[in-house]
Each structure stands twice: as C-alpha cells, then as structure tokens.
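Just so you know, these numbers use all the heavy atoms, side chains as well, and skip hydrogens, waters and symmetry mates. Chain A is the first sequence line, chain B the second, and so forth, proteins listed ahead of strands; every chain is numbered from 1. In this text, all values refer to a predicted model and were calculated from it rather than measured experimentally.
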There are 2 protein chains.
Amino acid sequence: MSYTVHEVAELSGVTIKTLYHYQKIGLLMPESIAENGYRYYGDKELKRLQQILFYRELEFSLENIKNALDNEPDRLNCLREQYSLIKAREQRHAHILRTLEETIQHEEKGVPMSKEKMFNGLNKKEWEEAIAGQNEHLQEKYDYKIDTSEIDADAMNKKANEAAEFMSFMVTSLKNGVSVNDKSVSDAIEKHIKFMQQDMSIDANGFAAQTRFLMTDDFHRKMMEDQQTGLSYYICFAAENYAGKLI
Amino acid sequence: MSYTVHEVAELSGVTIKTLYHYQKIGLLMPESIAENGYRYYGDKELKRLQQILFYRELEFSLENIKNALDNEPDRLNCLREQYSLIKAREQRHAHILRTLEETIQHEEKGVPMSKEKMFNGLNKKEWEEAIAGQNEHLQEKYDYKIDTSEIDADAMNKKANEAAEFMSFMVTSLKNGVSVNDKSVSDAIEKHIKFMQQDMSIDANGFAAQTRFLMTDDFHRKMMEDQQTGLSYYICFAAENYAGKLI
DNA sequence: TATAATCTCTTACCTCAGGTCGGAGTCAAA
DNA sequence: TTTGACTCCGACCTGAGGTAAGAGATTATA
C-alpha cells in the first residue's frame, strides 16, 4: 500500500510542505519516487511519521527526533520511551497548573504572592538546575528534563522535613509508576526507617504494620489520600514488600 | 519594589534578550527607564510577565497574548480563562496518550492499526474540524481549540463495557476514599467476578492473583496507573481483601 | 480529443520567537 | 583606578515551517 503526499497529509494532518521539509533534512524519506518526481509513502513511512509526531508533540527538535529514531530502531522501545516521556511532561504541567491555582487564590483574596512562587514550574531554568543529575537515563538520551522537585524544604523542621521528603518521594514514585519492588523505593524506605529509629524503636515489620494501619484507618487514610490518591495503598504495599524481602 | 533585567530574568527564568524582545514588540514594557537607559520592572510588570508565560505555555503567539491581555485587563478573569484552557489542553494530551497506548498494544501483538487511528489526537487539522462551531467563546477570543470528542461509548462491546464500568467504579471509590473493606467495594468485585465467570473459570483467589500480577507487571501497572494514580494498588488490596474475607 | 481542473515538484523568499556576537557605556567594589 | 559584572543596542543567525510562483503531470469533463 502506498500513499501520495496528499493522502499522507490528509491522514496525518501534516502539510505537504512539511513532508517535503522532512525529506530535505532526511527525517522522513519517501518509500519511492516515480520518474515524474512524484513521491510515494508506504506503511513503514507512516509509522515513522507517527513516531515523529509523538516526539514533536514533546517538543523535540527535528534533529533530536532523527537521532532518537536512528539510535533506537526498535519501534516498541521507542513507543514505550515516548510513553514515559509524556508521563513526565504531565508532571511539569501539573506543577504549572498548581501555580496557576495558587495565583488565582491569592488574587481572589487580594494577598500578594511571593515572586518565586509566581514562577513555579514556569521557570524552566530553575527546575533544570534543581533536577540536575536526576533521571539520567532520559536526560542523557534525549536531553529531556523532568520535574520532580515538589516541596519547599526549609519551611519545615528536620523531622517533618524528612517525613515530607519521604512522602514526596513516594508520591513521585507512585506517579511515575515505579514498582514497589524497585531498588529506589526499597532504599527510600530503608533510609526512612533508619531516620525514624533515631527517636523510636521500629523495624521493617513494625513500619509495615504501621502503614497498614494508616491505610485501614479511615482518618489517616483520608489524610494520605488527600495528598495523593492511591498513596496509602502504595506505601503499604511498598512497606510490606520491603519487610517481606528481609526475611 | 523595582527589579533590574537581571533580577526579572532570574525570577522568571526568561532571558534578558527575551525581555528586550517583549519590549520591542510592546508586549511587556518596563515600568521605568533610567537616563542611562537601564530598564526597571515593577510588581505590575512581573504579574503581566507571569500571565504571558502562562499563555506562552499554551502556545499562543506573542501577538495573541498581547491581544488577550489587552482585551481582558482583569487579571482574575484572565487567570480563570487560562485555567480552563490548560484543562482543555489536558484533554488533548489524554487523547494523544491513548493513541500511544493503543499503538503500543497493536505493536505488541503485531496487529496492524488503522491509519486513521494512528494519528488520532496528533492530527491537529482533524480535531480542529471536528469541533468547528463549538466552544465559540474561546475560539473567537483566542483562536484556541478544545478537544471535545472523548468517549465513543458504542465503540465498545459488552465485555469491555462491563470491565470499564467496574474500573470506573473502583476509580470513584479510590478517589472518594472508600475503604477496600466497604460493602460497596466487595459487592462490585463479586459482581465483576460473576461476570467474568461467564466465559472463564476464575474465583476470588484467582482474581486476587490476577490483580496482583497486574500490579507487579510494569507494563500493565503503567496502563492502570495512567487511568488513575494508585488504581493498581487499590484494586489489588480490594481483591485480596475480598478473597480473604471468604475464608 | 481538447480543455479545464487538480496535483505535484522545486526554488526563492518570508515569519516568529527568540539566540549569538560584538562594541560600547555603566556601576560597585577592591 | 582598575577590575569584573551589568546593561544597552544593533546586526546577523536559527528552526520549523508558510507563501508564492513557474512549470510539468494527471484526471475529469465537454
């Protein structure tokens, strides 16, 4: 099955000019070119175009897209990677949305807002710095930045701070679809338990029991679920999984 | 309070060059210009810049932003409008994400996908046409399009329908903080299992095992978590709880 | 079969939202 | 007074296309 420029344009919503452009920069070549110069695209080309558009949607430069597709010729891997990138972008947008909500609330009450908060999530420079070193995999490969900094740290004292950090990490993991089996999750739990051990006697099983209580108890569950839907269940699973591993 | 270009750049993450550019096109003028030519911005300008960035995030052209801000000088209205636009964009992204998911599933099974479906949500032309005449308010004012074609109910057969109904019920319960112990949850699971028993042999324990698999398997968990954060964990708990009760 | 309407190719130039570079003036601190 | 950081402004560059125009190809209609 082969398609004319017009048909491809119609199907994909891209203009003929854009197809020509992609050909010129070697991003998407026609399957064949007739003697009269007419270009025809096949199924393989349509699939590649689809992937180009997914990446374009993520604001990759055409050059980056070319690299991504050429370095990862396995379509399924590409698609999965695009999936997690889109998920990552969602976080940034959630951040911006929160800033917008906060701004509306401040404006409604007529209370002035801190200048830093005003640009939370919008300030690309800032969060690119804040997350330097994180998510190396995607960053190296795509130069794509992921927003993971959520809480304002120094507003809390040390204890609350550690707890909030742990929670925020779990929220991020939950939102990113990280398995409770993942080493990063186990590590976080281990660290959290060690911290708690500074002023109380608790072990992995005790912690698991505690999280199960937090999940079953209506009041505490509500507190956690308000922070992030699903959090109480996730943490409980993670804690039980961690305790189970130690046996 | 007034800020130098450097300070504004630092706060907002925008470059000095961009500030200059905005000044040149009359989008954001400094509050004052000293005799030495230095430009200074006040609180009012920072607020305007914030709004510019919200709009820019929504891919409005600078000219459109100028019009939007000049025609709607009421900040609160602007912010609210931006809020609904961002919400609308979320829909479009959800659409794209679904196309990506479907593509992954087709690719996994090696089944070819219809060419139209391949570009669902990506085809801007298409959804601009599909919603012609709708959302006139925003379109007239901003030339911004909203994706409204979301659910194609009759596209699903009965089976998928029941599953979707069950899932949607669980999502609602999770979001409302309903305990997995709650009778409504047990009842829904019972009903769902009975339905499945029509064409397969499964019991409460089998179902619990299945949900645990869905939670532990990276790909399936991703699918569920995408629908609602925490869903895979909630359903697994609920299923295990239901199976446990029967003993 | 002739003609009109549509499609296609290619090149040259335009646009938008900035980035880069360079020269020159300005300011604060050592 | 000199150094280093900050600022201004203009000229030119970039990416991802859009527009316009001339010319050949194909298809539909008279």
Side-chain angles (χ1 to χ4, degrees), chain A residues 2-41 45 48-49 51-69 122-125 128 142-144, chain B residues 2-41 45 48-49 51-69 122-125 128 142-144:
Chain A
S2 79
Y3 306 84
T4 67
V5 281
H6 187 84
E7 286 163 343
V8 174
E10 201 62 21
L11 270 169
S12 66
V14 113
T15 68
I16 295 177
K17 184 61 220 269
T18 300
L19 288 177
Y20 181 58
H21 186 56
Y22 289 176
Q23 177 187 351
K24 218 167 59 171
I25 63 172
L27 178 57
L28 179 69
M29 305 308 274
E31 184 188 38
S32 67
I33 302 183
E35 315 109 40
N36 58 15
Y38 282 28
R39 292 161 296 174
Y40 296 95
Y41 296 81
E45 286 70 32
R48 188 175 167 102
L49 176 56
Q51 262 164 331
I52 290 169
L53 296 185
F54 279 133
Y55 276 125
R56 196 179 65 168
E57 179 65 30
L58 286 160
E59 288 168 272
F60 277 51
S61 74
L62 297 187
E63 206 188 327
N64 271 339
I65 296 177
K66 193 159 142 48
N67 288 338
L69 290 179
L122 289 170
N123 190 329
K124 291 194 188 190
K125 242 191 232 164
E128 277 181 19
Y142 300 114
D143 192 32
Y144 199 79
Chain B
S2 80
Y3 305 85
T4 67
V5 281
H6 186 83
E7 286 163 342
V8 174
E10 200 62 20
L11 270 169
S12 67
V14 112
T15 68
I16 294 176
K17 187 62 220 270
T18 300
L19 288 177
Y20 181 57
H21 186 57
Y22 289 176
Q23 177 187 351
K24 220 165 57 171
I25 64 172
L27 178 57
L28 179 69
M29 306 306 275
E31 184 188 38
S32 67
I33 303 183
E35 314 109 41
N36 57 17
Y38 282 29
R39 293 162 294 174
Y40 296 94
Y41 296 81
E45 286 70 32
R48 189 175 167 104
L49 177 55
Q51 262 164 333
I52 291 170
L53 294 185
F54 279 132
Y55 276 126
R56 195 180 63 169
E57 180 64 29
L58 287 160
E59 288 169 271
F60 280 63
S61 73
L62 298 187
E63 206 188 328
N64 269 339
I65 296 177
K66 193 158 141 49
N67 288 339
L69 290 179
L122 289 170
N123 191 329
K124 291 193 189 193
K125 242 190 230 165
E128 276 179 20
Y142 301 114
D143 195 30
Y144 198 80

Asker: To the nearest 0.5 Å, tell me how far B:Asn67 CG sits from B:Phe60 CZ.
Answerer: 11.0 Å
Asker: What's the CD-P distance between A:Glu35 and C:dT8, to the nearest Å?
Answerer: 16 Å
Asker: Does the side chain of A:Arg39 come within less than 4.5 Å of A:Tyr20's, by heavy atoms?
Answerer: yes
Asker: Rounded off to whole Å, could you give me the CZ-to-P distance for the B:Phe60 and C:dC16 pair?
Answerer: 17 Å
Asker: Verify the contact: side-chain N or O of B:Arg56 to OP1 or OP2 of C:dA17, cut-off strictly under 4.0 Å; return yes or no.
Answerer: no
Asker: Figure out the NE2/C1' separation between B:His21 and C:dA17, and round it to whole Å.
Answerer: 5 Å
Asker: Calculate the interatomic distance between A:Leu19 atom CG and C:dC7 atom P; express it in whole Å.
Answerer: 15 Å
Asker: Enter the distance from B:Glu31:CD to B:Tyr3:OH here, rounded to the nearest 0.5 Å.
Answerer: 10.0 Å
Asker: To the nearest 0.5 angstrom, please state how far the CG atom of A:Asn64 sits from the CG atom of A:Leu58.
Answerer: 11.5 Å
Asker: With the side chain counted from C-beta on, respond yes when B:Gln23 and B:Ile33 share a heavy-atom pair under 4.5 Å apart, and no when they do not.
Answerer: yes
Asker: Map A:Lys17 and A:Tyr38 onto DNA chain D by nearest heavy atom, then report which one ends up closer to the 5' terminus.
Answerer: A:Lys17
Asker: Counting any heavy atom closer than 4.0 Å, what does B:Tyr20 reach on the DNA or RNA strands: base, sugar-phosphate only, or nothing?
Answerer: sugar-phosphate
Asker: For a 4.0 angstrom threshold against heavy atoms of chain A, report the outermost contacting nucleotides of DNA chain D in 5' to 3' order.
Answerer: D:dA16 to D:dT26
Asker: Between B:Arg48 and B:Leu27, is there a donor-acceptor pair closer than 3.5 Å when you use the side chain of the first and the backbone of the second?
Answerer: yes
Asker: Does B:Thr15 place a side-chain N or O at less than 4.0 Å from the phosphate oxygens OP1/OP2 of C:dG19?
Answerer: yes
Asker: Run the side-chain hydrogen bond (donor to acceptor under 3.5 Å, both in side chains) test against A:Tyr22 and tell me which residues pass, sequence neighbours left out.
Answerer: A:Arg56
Asker: Can you check the B:Ile52 CD1 to C:dA17 P distance for me, whole Å?
Answerer: 12 Å
Asker: Rounded to whole Å, how long is the line connecting atom CD1 of A:Ile16 with atom P of C:dT6?
Answerer: 14 Å
Asker: Would you give the length of the straight line joining atom CG of B:Leu122 to atom CG of A:Leu11, rounded to the nearest 0.5 angstrom?
Answerer: 12.0 Å
Asker: Counting only heavy atoms from other residues, nucleotides and ligands, does the tally under 6.0 Å from CD of B:Glu7 exceed 12?
Answerer: yes
Asker: Please tell me which of the listed nucleotides, C:dG25, C:dG19, C:dT8, lies nearest to the side chain of A:Thr4?
Answerer: C:dT8
Asker: Do any of residues 23-30 of chain B sit with a heavy atom less than 4.0 Å from DNA chain C, and if so which?
Answerer: none
Asker: Just call it for A:Tyr22: base, sugar-phosphate, or nothing, with non-hydrogen atoms closer than 4.0 Å on any strand.
Answerer: sugar-phosphate
Asker: Would you say a side-chain N or O of A:Asn36 is under 4.0 Å from OP1 or OP2 of C:dC9?
Answerer: no
Asker: Quickly work out the A:Glu59 CD to C:dG18 P distance and round it to whole Å.
Answerer: 12 Å
